[in-house]
Structure formats: C-alpha cells, structure tokens
There are 2 protein chains.
Amino acid sequence: MAASAQARLARRSPRAATVFAALGDRTRLALVTRLCDGSRCSIAQLSDGQPLTRQAISKHLRVLEDAQIVRSERAGRENLYVLNPQPIADLGNYIELVSSQWDAALSRLKAFVEE
Amino acid sequence: MAASAQARLARRSPRAATVFAALGDRTRLALVTRLCDGSRCSIAQLSDGQPLTRQAISKHLRVLEDAQIVRSERAGRENLYVLNPQPIADLGNYIELVSSQWDAALSRLKAFVEE
DNA sequence: GAAATGTGCAACTTAATGGTTGCATTTCAC
DNA sequence: GTGAAATGCAACCATTAAGTTGCACATTTC
C-alpha cells in the first residue's frame, strides 16, 4: 500500500502547499490563533495591538481568505472575519499520512534488523 | 482553560511558522513525500525526474534542513538526505490545538442556543 | 592519472512578499 | 448633513525567494 499512500500525498500536494504557505507567517498564525476561539472580528479589531498597519493586517487576511482558512462577511461598514477550520484539519490528515508512512518504514527496518 | 490554550499556541508560533513555511511549496512537499518512506536519497536521486535543476533542488533541501524537517549526512562524494518527522508531527499537535479550540467554541455556541 | 560523477559556491535575474503611505468611499452617529 | 470610523484601492519601496548558469572541488572508477 506504500505506492497508494504516496499517490494520495502527491494528489493533495498543490492544495496543501497553499494552506501550509498561508500558515507560514507569524502574523497570520497569530490571526488564526486569535480567531480559533470562534469569534468574528473586524479588521480594526484584529489589527489592534499588533505592531503593524491596518493595511498590512488586511493583506494577511486576504492571503488567509485565498487559502480558505478564513471567511469574510460584510456587516455594515465593517468586514467580519471568521475562521474556517476545514483546510487546517485537512493538513492534519496530510500530516498523519506522512507519519504513518514513516512508521511503516520504521517497522520494516526493525523487522529487517531482527530477522 | 481557553487562555492557556491560546498561550500555548502563541508560544509555539515562531517555530511552527518556520516549519509551515518550509512545507508551503510544491517542490518541497514533493521531496518530503518522496522521503517519508524512510529512504536516504542523494541530491542527484532527488532531482531526477523533477523539472528543475539540481541546484534548485539543493536549495529546497537546505530550506527543509534549516527547518529540521530533513537531515543530511555526507557519504563520500554524495550527500544523503533523510526525513526527520518530528517537526511535522509537532505541527500535528498545533493543528489539534486549533481544532480543539474551535470545537470548544462550537459547543459553547450550541449550549447558548439551546438554553 | 584521466575521465566521469556528485556537490558546493557565487553571481545574477525575475517575481513574489511584506510593509508603508495617501486618498477615495461607504456607513454610522449625532 | 457633517464628521468620525472602517475599509478598499493603488502606487511605491525593500527584502526575500525561486530559479538559472558557470565554475571549482572532491571522490570514484577504469
């Protein structure tokens, strides 16, 4: 089944790479951390306390939205952002595949050494 | 315990961001996929079949090595690379924290609606 | 030892990222 | 309706990233 697992990993690669890349930044990771308690926050709220311009935060939110890690919803004059945990959960599956592949390799090695 | 979970997430952020960023590229993800069956491969082997220069692959491997996702070992004239699954597994923990935070938020919302 | 193999290093190009500032626009509050 | 608040958009700058080419260096192999 090794080939099948590799194929599954490869098939998920493009999408996974986008999500990984979106999370590969401190500021964006902080935004995700802030949003993962389920709160809906405006850009002004999210940039409050951060040592960056509101525009910078806005750009980061767009990156997260492109990766579908976050959804935005207009409410009057403000734009509310909510986390969408699905893509991140999918990464969890990806990671589990990698880990299981590695564990299987370890088992084979162990069996080989012990025989 | 919500504050504690957030704090844990924030503490892991800088390191996690590095690993996420290292995985946020198709080519590097392909390299990880290739190595996660436990094989030790030279740069020449890893760049074989890829539509990139050996140098490009070499640079990508350095990024992965800086993130400690991969280890290299000199063997004569060739440089063998092996996966180190630990940082990736740590990302799994990070993701689980995010998910559990989100689930807790959902539960609170549900309780609020139903009361 | 000469040729071939596997890498490393440096310079360079192009494109993407992260960030800023300034201004226009929509919406709310009084 | 005037002013303040919350955004969006565009232009711009500096840095990093991704990739290439060319060459030098070590290690096999014959």
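Nothing here was measured: the structure is a model prediction, and the numbers come from that model. Proteins get letters first, then strands, A, B, ... in listed order; numbering begins at 1 in each.
- Rounded to a whole Å, the CG atom of B:N79 is 10 Å from the P atom of C:dC9.
- A straight line from NE2 of A:H60 to C1' of C:dA16 spans 14 Å, rounded to a whole angstrom.
- Between the side chain of A:S58 and the backbone N or O of A:R54, no donor-acceptor pair lies under 3.5 Å.
- Side-chain N or O atoms of B:T53 include none that pairs as donor or acceptor with a backbone N or O of B:A56 at under 3.5 Å.
- Not one N or O on the side chain of A:E78 forms a donor-acceptor pair closer than 3.5 Å with the backbone of A:A75.
- Look at CZ on A:R26: it is 16 Å from C1' on C:dT17, rounded to the nearest Å.
- In the model, A:Y81 has no side-chain atom that pairs as donor or acceptor with a side-chain atom of A:S39 under 3.5 Å.
- What you find for B:V19 and B:A67 is that their closest heavy atoms are CG2-O, 4.3 Å.
- As rounded to whole Å, 14 Å separates atom P of D:dA18 from atom CZ of B:R62.
- Between A:S58 and D:dG8, a side-chain N or O to OP1/OP2 separation shorter than 4.0 Å is present.
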Practice item. Report the C-alpha separation of B:I69 and B:N84 in whole Å, then their side-chain angles, then the decisive distance to 0.1 Å, and conclude whether the side-chain contact (heavy atoms from CB on, under 4.5 Å) test is met. Key: CA-CA 5 Å; B:I69 294 171; B:N84 173 27; over 6 Å; no

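- Note: A:Y94 and A:F20 have perpendicular aromatic rings, judged against thresholds of 30 and 60 degrees for the angle between ring planes.
- In terms of hydrophobic clustering, with Ile, Leu, Val, Met, Phe, Trp and Tyr side chains grouped at heavy-atom distances under 4.5 Å, A:V82 and A:I43 are assigned to a common cluster.
- The distance from atom CG of A:D25 to atom P of C:dA16 is 18 Å, rounded to the nearest whole Å.
- Applying side chain to side chain donor-acceptor pair (under 3.5 Å) to A:H60 and the options A:Q55, A:E65, A:R26, A:R28 leaves one that passes, A:R28.
- Taking atom CG of residue A:L23 and atom P of nucleotide C:dT17, one finds them 15 Å apart after rounding to whole Å.
- Looking only at side-chain heavy atoms (C-beta outward), A:L97 and B:T33 stay at 4.5 Å or farther from each other.
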Point to revise | Under 4.0 Å protein heavy-atom contact, by nucleotide of nucleotides 20-30 of chain C - B base, S sugar-phosphate only | key: BBB----BS--

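- Between the CG atom of B:L31 and the C1' atom of D:dG19 there is a distance of 15 Å, given to the nearest Å.
- The hydrophobic cluster containing B:I88 also contains A:L91, counting ILVMFWY residues as joined when their side-chain heavy atoms lie under 4.5 angstrom apart, directly or transitively.
- The stretch residues 34-41 of chain A has no heavy atom under 4.0 Å from DNA chain D, so no residue of it qualifies as close.
- Atom CG of B:L80 is separated from atom P of C:dG8 by 11 Å (rounded to the nearest Å).
- Annotation: proximity of residues 63-72 of chain B to DNA chain C (heavy atom, distance under 4.0 Å) is found for no residue.
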